[in-house]
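Note that this is a predicted model, so its numbers are computed, not measured. In the text below, chain A, chain B and the rest are named by the order of the sequence lines, each starting its count at 1.
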Protein chains: 2
Amino acid sequence: MSVNYSISELARELDVTTRAIRFYEEQGLLAPERRGQERIYSPKDLVTLKLILRGKRIGFSLAECKELIELYDPSGGNRKQLEAFMSKIAERRLQLAQQLLDIEQMQLELDTAEERCLAALAEAPH
Amino acid sequence: MSVNYSISELARELDVTTRAIRFYEEQGLLAPERRGQERIYSPKDLVTLKLILRGKRIGFSLAECKELIELYDPSGGNRKQLEAFMSKIAERRLQLAQQLLDIEQMQLELDTAEERCLAALAEAPH
DNA sequence: TTTTACCTTTACGTTAACGTAAAGCTGCTG
DNA sequence: CAGCAGCTTTACGTTAACGTAAAGGTAAAA
């Protein structure tokens, strides 16, 4: 019934090191509860960590991941800040769109590479 | 009629520094001709550099980019190497597929963030 | 001819994102 | 109660990907 995690449980679940998790906290990306000294991770922390790892897989820096996390909870912001959020969101959209194009292009290049490889295999002695 | 580029022309064209270009060469990703000391870049070098930058945009390391470049010309390979190439290509395909999923998920999260931001803006005084 | 605009190499500096001890507390278990 | 398993902090080490001088070669323009 405990929906919470210790640091090593979280690490095992998401396949990262405890060192990395602590580092993300040090950088302000995570802020787990504490029971004495020990860190207690909630399901929300799990989601946040997943977001971090997803960001990393597509090449985001931790600073960028942090921004994304902050964008996700705009509750404590004045008008000016909220408008800044909106334009950051628009920026990210453009970046993601570009990345989609880049990935599609890469896939085409893999197609070409595979064809050439198959052709070379057909020529090669076995 | 000169389809070639100096290093600074190439740098301007693709919006990178000459230092970066030289670094990529140092790492074995580029191998331009020389006229005396000077580097002369061909259209093919341009394409290679574009591939590098595309890779970087989606979070590839230079080592991974180098692998992609090598995959692109499998001519000088024996059977064993070609088969290794094929499996590397398959790996990359999987990675790209995962990245596509990650980007789509990110886009959904931006949707949510935008909605919340708009809601907060509606509440905020102006 | 000296300045300007390129180019070169060599080398040390920097940042991000952790890895890797080291040293110590806590709580069970044999 | 000794020992292990898991948690903590502190701190130094490491790698990638360049940035940033420094010192110098070449060639055209002023």
Side-chain angles (χ1 to χ4, degrees), chain A residues 2-42 45-46 48-70 92 95 99 102, chain B residues 2-42 45-46 48-70 92 95 99 102:
Chain A
S2 160
V3 281
N4 290 341
Y5 313 81
S6 75
I7 192 167
S8 60
E9 284 168 353
L10 193 61
R12 239 166 300 163
E13 180 105 2
L14 297 189
D15 196 35
V16 288
T17 66
T18 60
R19 176 64 177 101
I21 296 177
R22 292 198 189 95
F23 182 72
Y24 300 152
E25 178 177 350
E26 200 180 314
Q27 301 298 306
L29 301 170
L30 284 172
E33 298 293 306
R34 296 271 183 156
R35 187 175 52 202
Q37 287 268 75
E38 284 188 27
R39 295 169 172 84
I40 311 281
Y41 296 89
S42 70
D45 292 323
L46 177 77
T48 301
L49 185 46
K50 279 185 182 175
L51 190 152
I52 297 172
L53 299 177
R54 194 180 305 123
K56 294 208 67 192
R57 281 197 298 273
I58 52 180
F60 285 24
S61 69
L62 288 187
E64 289 173 314
C65 291
K66 184 177 180 183
E67 221 188 71
L68 283 178
I69 291 169
E70 288 162 359
R92 287 291 159 219
Q95 184 189 353
Q99 286 186 296
D102 288 328
Chain B
S2 160
V3 283
N4 291 340
Y5 312 83
S6 76
I7 193 169
S8 59
E9 283 168 354
L10 194 62
R12 240 167 299 164
E13 179 107 1
L14 297 189
D15 197 35
V16 289
T17 66
T18 59
R19 176 64 176 99
I21 296 177
R22 290 200 189 95
F23 182 72
Y24 300 152
E25 179 177 349
E26 198 181 316
Q27 301 299 306
L29 302 175
L30 283 172
E33 297 295 305
R34 297 272 180 156
R35 187 177 49 203
Q37 286 267 77
E38 285 187 26
R39 295 169 171 86
I40 311 279
Y41 295 90
S42 70
D45 292 324
L46 176 78
T48 302
L49 185 45
K50 278 185 182 174
L51 191 152
I52 296 171
L53 299 178
R54 194 180 304 126
K56 294 209 68 193
R57 281 197 299 274
I58 54 180
F60 284 24
S61 69
L62 288 187
E64 289 172 313
C65 290
K66 183 176 179 181
E67 220 188 74
L68 283 179
I69 292 167
E70 287 162 359
R92 287 292 160 216
Q95 184 190 352
Q99 287 186 294
D102 289 327

Distance check needed: [N] [atom2] versus [X] [atom1], whole Å only.
X	N	atom1	atom2	result
A:Q37	C:dG24	CD	C1'	11 Å
A:Y41	D:dT8	OH	C1'	11 Å
B:Y5	C:dC7	OH	P	15 Å
A:I40	D:dC7	CD1	C1'	11 Å

Distance test, side-chain N/O of [X] to OP1/OP2 of [N], below 4.0 Å:
X	N	answer
A:R39	D:dT8	yes
B:S6	C:dC7	yes
B:S8	C:dC7	yes

### Query
Residues from residues 51-62 of chain B sitting under 4.0 Å of DNA chain C, heavy atoms only?
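Contacts with DNA chain C under 4.0 Å: none.
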Roughly how far apart are [X] [atom1] and [Y] [atom2], rounded to 0.5 Å?
X	Y	atom1	atom2	value
B:S6	B:L10	OG	CG	8.0 Å
B:Q99	B:R92	CD	CZ	9.0 Å
A:N4	A:D45	CG	CG	8.5 Å

Side-chain donor-acceptor pairs under 3.5 Å in residues 52-59 of chain B, sequence neighbours left out?
residue: B:R54; atom: NH1; partner: A:E109; partner atom: OE1; Å: 3.1
residue: B:R54; atom: NH1; partner: A:E109; partner atom: OE2; Å: 2.6
residue: B:R57; atom: NE; partner: A:D102; partner atom: OD1; Å: 3.4
residue: B:R57; atom: NE; partner: A:D102; partner atom: OD2; Å: 2.7
residue: B:R57; atom: NH2; partner: A:D102; partner atom: OD1; Å: 2.8

### Task
Give A:R34 one of three labels, base, sugar-phosphate or nothing, depending on what nucleic acid heavy atoms sit under 4.0 Å from its own.
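Result for A:R34 = sugar-phosphate.
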When you compare the protein's N or O atoms with those of nucleotides 25-28 of chain C, which come within less than 3.5 Å of each other, and at what distance?
none

### Task
Find out whether B:F60 and B:Q95 are in side-chain contact, i.e. whether some heavy atom of one side chain is under 4.5 Å from a heavy atom of the other.
yes
### Message
Contact between A:L14 and A:L46 at the side-chain level, heavy atoms closer than 4.5 Å - yes or no?
### Response
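Result yes, sub-4.5 Å side-chain heavy-atom pair found.
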On a heavy-atom basis, which atom in [X] and which in [Y] lie closest, and how many Å separate them?
X	Y	value
A:T48	A:L29	CG2-O, 3.5 Å
B:A11	B:T18	CB-CG2, 4.0 Å
A:C65	A:L51	O-CD2, 4.4 Å

Below 3.5 Å is the cut-off: list the nitrogen or oxygen pairs between protein and nucleotides 22-29 of chain D, distance only.
none

### Message
Tell me if the CD atom of A:E9 is crowded by more than 12 foreign heavy atoms within 6.0 Å.
### Response
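Counting other residues, nucleotides and ligands, CD of A:E9 exceeds 12 neighbours.
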Please tabulate, for the side chains in residues 20-27 of chain A, all donor-acceptor contacts under 3.5 angstrom to protein atoms that are two or more places apart in sequence or on a different chain.
residue: A:E25; atom: OE1; partner: A:R39; partner atom: NE; Å: 2.6
residue: A:E25; atom: OE2; partner: A:R34; partner atom: NH2; Å: 3.2

## Note on the structure
Residues of residues 9-31 of chain A with a heavy atom under 4.0 Å from any atom of DNA chain D, listed by number, are A:R19, A:R22
